[in-house]
Amino acid sequence: MKDKNTNVGSPVSRIDGILKVTGKADYSTDHPVKDPAYAVIFKSTIAAGKIRNIDSVAAEKSPGVLAVITHKNAPKLNTKGGIRGGAMLQSADVLFFGQHIGVVVAETFEQARHAADLVKVEYDQKEAKIDFEKLHRNGVKPKDKEDEKRGDVKVALENAAFKVEETYATPIYHHHPLEPHATIAEWQGENLILYNSAQIVNGAQNAAASTLNLKPENVRIVSPYIGGGFGSKGGQWGNLVLAAVAAKMVKRPVKLALARQQMFNSVGLRQRNYQKVSLAATKDGKLTALVHETATHAAIQDEFVEPCGDCSKIMYDTPNSLITYRVTPMNLILPTYTRGPGKSTGSFALESAMDELAYKIKMDPIEFRLKNEPEKDPSNGKPWSSRKVVECLKEGAKAFGWEKRKMEPMQNVQGNYWVGYGVACGTYPAHQRDSSAIIKLNREGSNVTAIIELAAADLGTGTYTILAQTAADALDLPINKITVRIGDSDLPPAAGSVGSVGATSYANVVNDACMKITDELIARSGKQFFARPTAAQLMVSEKIANIQTRADSKPMESAEQYSSHSFNANFAEVWVNQSTGMVRVKRFLAVTGAGKILNPKTARSQIFGGNVWGIGMALTEESVVDPRFGHFVTRSFADYHVPSNLDIGEMEAIFIKEDDKLANKLGIKGLGEVGIVGVSAAVANAVFNATGKRIRELPILPDKLL
Amino acid sequence: MRPFKYTNAKDVPSALKLAAGNPNARFLAGGTNLLDLMKEDVERPDELIDITRLGLTQIKATGSGGISIGGLGRNTDAANHPLVRQHYPLLSQAILAGASGQIRNMATNGGNLLQRTRCPYFYDVAMPCNKREPGSGCGAMEGINRMHAIFGWSEKCIAVFPSDMAVALAALDAVVKITNASGEERVVDFADFHRLPGDMPEKDTNLSHGDLITSIEIPKNNLADHSYYLKVRDRASYAFALVSVAAAFEMKGNLISKVRIAMGGVAHKPWRAMKAEQMLIGKEPTEANFKLAANAEMADAKPLEHNKFKVELGSRSIVRALQMALNGGKS
Ligand SMILES: Cc1cc2nc3c(=O)[nH]c(=O)nc-3n(C[C@H](O)[C@H](O)[C@H](O)COP(=O)(O)OP(=O)(O)OC[C@H]3O[C@@H](n4cnc5c(N)ncnc54)[C@H](O)[C@@H]3O)c2cc1C
């Protein structure tokens, strides 16, 4: 007999892996529909003003063209319906460079793309607000963010034995999932089917329905596989509703896919930030003040501010603290959630400053952090449901060989390279969100199989697999007897795969559903059992052919009393070429405490993915805006540099054993977001340790180290 | 992308004839640059003449002890050919420092020399660019010009030529063999192949419509023992050069008897560092001498707002490349 309950916690390979590598997993525009037309979006080439005229005569006459849709003929939509960033052809106003201003629909993709090039647009241009370097000084308090103050930071900074007061700059970043945003819209009478990648399936359904003035039950989102999202498919953007509008107008299914170059200004971005961090400490390294002031930008018509000060609120014990935000509206697309929102960028500032202060005190940066470890959540006084920062740091130091690090920079020279070690911590909140699931059990002879259904999302992260594992253990069935159906708004509503709530919310509801169906089977049998039987045993003994039930799960009320977060410590070894300033990350280690690890294989991939992006933040990624035009100069992958394979050295991920039953029943904390947090600071700190150069403006390109 | 006609040339004469018959036609080799630019609506040919079936892929020794590399051979094959590896490791290194494995498998040697600048203002049809649209202005001059030229630029254009392969060929005194539309052959020195932008930045090279690159020849030399291609870029691989240096020299006793230095990422064409070369002739290959030569070369640089670092980086890169060359390519 096999061991009980061994699926969860095992490195099970993705159950959808074969489908994906054989090309059988249908992504948005892969779905077969009958007789589709193709839509191509065209975009504004000014950053602010009004469209005076759109000459689409040549486009309309171009072979194969079925429609040219602009603000002049687009149907009226509800602009407050929850689609992000505007750009839905509702007026002649242009608010940023690259705003969608029209759609060409044609028989073929090539015809549509060519016709889109033939459209001529005239504008009345206005002066645009683009130059962040100048504008950030006029920032105002965001609508939803008050200054958060504890104690008196001013006095503490004045009296500090040691302090750091520095500004850290991060550029605009783009999500750029491998699968660009794409939609098929198909009308069936009053009903609309949207094949469209969605991190929040029900959110996409509601936003589309509301914007198109439809009832949610008339809109179905189909999104079984998602080629990444990183936040850009959390909210939905103009492409979703423009596909629906186009399909309605040409009375055919329409496929609309954004080109990679269009992705830069179509689906949000991570905004540019200037973060001033002021830290004060006593002689022996006890923090006395922590100030984190963020200046950033949002769109003209809407506000979004990523919470850069979040890590600073909870990471370290300090009696005095101040967190503020100032935001400037600019003529750029609306920023949005981007992996580790606020925390990835915020940790760069905080953890760089911590490293700077440790160096001033001449204290090892790990020891400095251990000294300031808070017993409770400093921001609200709640006890931690679990917090393993100390273990992350200590185990990481041992595994990485931290003792070989020299306190002073430029001491470790290997040939033509300076070698440096850096450390930085990170954190991300852990939450469970309301979710529902249906479980169906079927029996043929003694063969019992299960189907799990919920409107969950799998971004490529492994949702299918961990849910099959969870159900297999909860039902005591082999994993290949479990079918997981997700990514469809016709299924029971579920949380999104956003903010690291996915695994926790989905696994808990699936587990609840399995328990519930077993309870129901026990009740139906009318028998008393000495040992709790499994659902499969009951199906057989009670000769039940099929049964289904639905669970609706909510977070435990008791979880409210605790502060729940995942934590990590990141270790980087960099080699800096003394002649050219090129930096290589030779080794990277992330040690993470993220509650129960459902699947060490997919968990490790998640952490590596976050780490690689964090290394990209540190060394290569940067979107540059030309302040004269408001366009991204880095508008393709030739110019916007994500790390290449050669940029990534040896990677290792260690998980600290945790099973956080105070956070939720299954003890999960989530690790989608935390993997990127603290990474760029670890690399930047290592660069300082190597070269003695403190780079406070990412990315650390070769010229900054000459 | 505009509609275009696709024609398949079966031999050199038919390719030349097709080209002569249509001033808006272009040769299609690997297509890794041309098709990209067509999708961006930068290049707008109405006919593509596929020349990948013409042959012209051979790599062979020439009678005079040099090497001839077919114009339509693939970059990967050129980089890995034993003759190239043995006698011209500089060329092999330079090719392998460019693009990615997949692109090099498609890219041809002739196409590589004719790839167009990566200036983002050239690539974006919403932007002004004198190279793409003469008279529209230079978007980069007052714009973001970190990647741009520090030598030889003009008020009209500050773009750089992006090829790595060409930098090595410039250092190796290569010549390009061309057959024109009427079937006449000519040989162009590498130094005269590409142009500085001057008043006509729309012209990258001195080729005319219908000119077909049939081969590239490199004369015999004794530089293989001391040569190195150094490429400095914003990520470890798959990025165009901020600055690159092809350095090679020959020793007589303990003195440098012949030296070749060419730079990439600094000008509208591969930049031969003649000043540095002259200063090194007859000198010992010491770090001090390398520095003097490098600084002398870079003293003439005219950096722009965002690329001032290229002067220091260029100087360091020349020194480093020469050092690596001295050590036979090992650090
Ligand atoms: C993402 C990316 C990254 C890259 N990175 C680098 C890099 O780091 N370094 C680097 O050096 N290069 C790089 N490249 C450029 C690459 O090397 C060129 O695209 C390639 O060499 C062009 O060769 P091709 O055969 O594909 O040319 P094509 O695109 O087919 O042709 C280019 C031009 O040459 C003309 N042409 C081609 N062959 C002939 C001939 N025999 N006679 C006359 N005219 C001809 C064509 O008509 C066309 O105008 C990169 C390219 C890409 C897409």
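Letters A, B, ... mirror the listed sequences (proteins, then strands); counts begin at 1. Fair warning: this is a prediction, and the values are worked out from it, not measured in the lab.
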*asked:* With a sphere of 6.0 Å drawn around NZ of K43(A), does it hold more than 12 non-hydrogen atoms of other residues, nucleotides or ligands?
replied: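 It does: K43(A) NZ has more than 12 such atoms within range.
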*asked:* Quick check on K291(B): does its NZ atom have over 12 non-hydrogen neighbours (other residues, nucleotides or ligands) under 6.0 Å away?
replied: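 Count not over threshold, so no.
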*For each of M582(A), R113(A), R628(A), tally heavy-atom pairs with chain B at distances under 4.5 Å, and name the one with the top tally.*
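Of the candidates given, the most pairs with chain B belong to R628(A).
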*Selection from V642(A), L619(A), I648(A), I700(A) maximising heavy-atom pairs under 4.5 Å formed with chain B*: V642(A)
Which value, rounded to the nearest 0.5 Å, describes the distance between [X] atom [atom1] and [Y] atom [atom2]?
{"X": "L230(B)", "Y": "T580(A)", "atom1": "CG", "atom2": "OG1", "result": "6.5 Å"}
{"X": "S636(A)", "Y": "D36(B)", "atom1": "OG", "atom2": "CG", "result": "7.5 Å"}
{"X": "R235(B)", "Y": "I615(A)", "atom1": "CZ", "atom2": "CD1", "result": "14.5 Å"}
{"X": "D234(B)", "Y": "L701(A)", "atom1": "CG", "atom2": "CG", "result": "4.5 Å"}
{"X": "T45(A)", "Y": "M127(B)", "atom1": "OG1", "atom2": "CE", "result": "7.5 Å"}
{"X": "I144(B)", "Y": "D639(A)", "atom1": "CD1", "atom2": "CG", "result": "12.0 Å"}

*So, Y121(B) versus H631(A), ring centres under 6.0 angstrom or not?*
yes
For [X], which atoms come within 4.5 Å of any heavy atom of chain B: side chain, backbone, both, or neither?
{"X": "F637(A)", "result": "backbone"}
{"X": "V624(A)", "result": "side chain"}
{"X": "Q261(A)", "result": "side chain"}
{"X": "V583(A)", "result": "neither"}

*asked:* Taking the basic N atoms (NZ, or NE/NH1/NH2) and the acidic carboxylate oxygens, is any pair closer than 4.0 Å for R146(B) and D703(A)?
replied: yes
*asked:* Do the side chains of E40(B) and R635(A) get close enough for a salt bridge, i.e. N-O under 4.0 angstrom?
replied: yes
*Would you say R316(B) and L706(A) make side-chain contact, with heavy atoms under 4.5 Å?*
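Side chain of R316(B) against side chain of L706(A), heavy atoms only: contact under 4.5 Å found.
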Side chain of [X], backbone of [Y]: donor and acceptor closer than 3.5 Å?
{"X": "R233(B)", "Y": "P702(A)", "answer": "no"}
{"X": "R118(B)", "Y": "A638(A)", "answer": "no"}
{"X": "D647(A)", "Y": "A236(B)", "answer": "yes"}

*How close do D626(A) and G143(B) get, heavy atom to heavy atom, and via which atoms?*
OD2-CA, 3.8 Å
*Against chain A, work out which of E312(B), M147(B), E142(B) has the most heavy-atom pairs shorter than 4.5 Å and name it.*
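Of the options given, most contacts go to E142(B).
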*asked:* Using side chain to side chain contact (heavy atoms under 4.5 Å, CB included), reason through R320(B) and Q578(A) one step at a time and then give a plain yes or no.
replied: CA-CA 10 Å; R320(B) 180 73 188 149; Q578(A) 296 179 346; over 6 Å; no
*asked:* With side chain to side chain contact (heavy atoms under 4.5 Å, CB included) as the criterion, how do M1(B) and H114(A) come out once you've worked through the C-alpha distance, each side chain's angles and the decisive distance to 0.1 Å?
replied: CA-CA 5 Å; M1(B) 194 186 230; H114(A) 171 51; 6.0 Å; no
*With a 4.5 angstrom heavy-atom cut-off, could you sort out which part of P128(B) is near chain A: side chain, backbone, both or neither?*
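Contact with chain A: side chain only.
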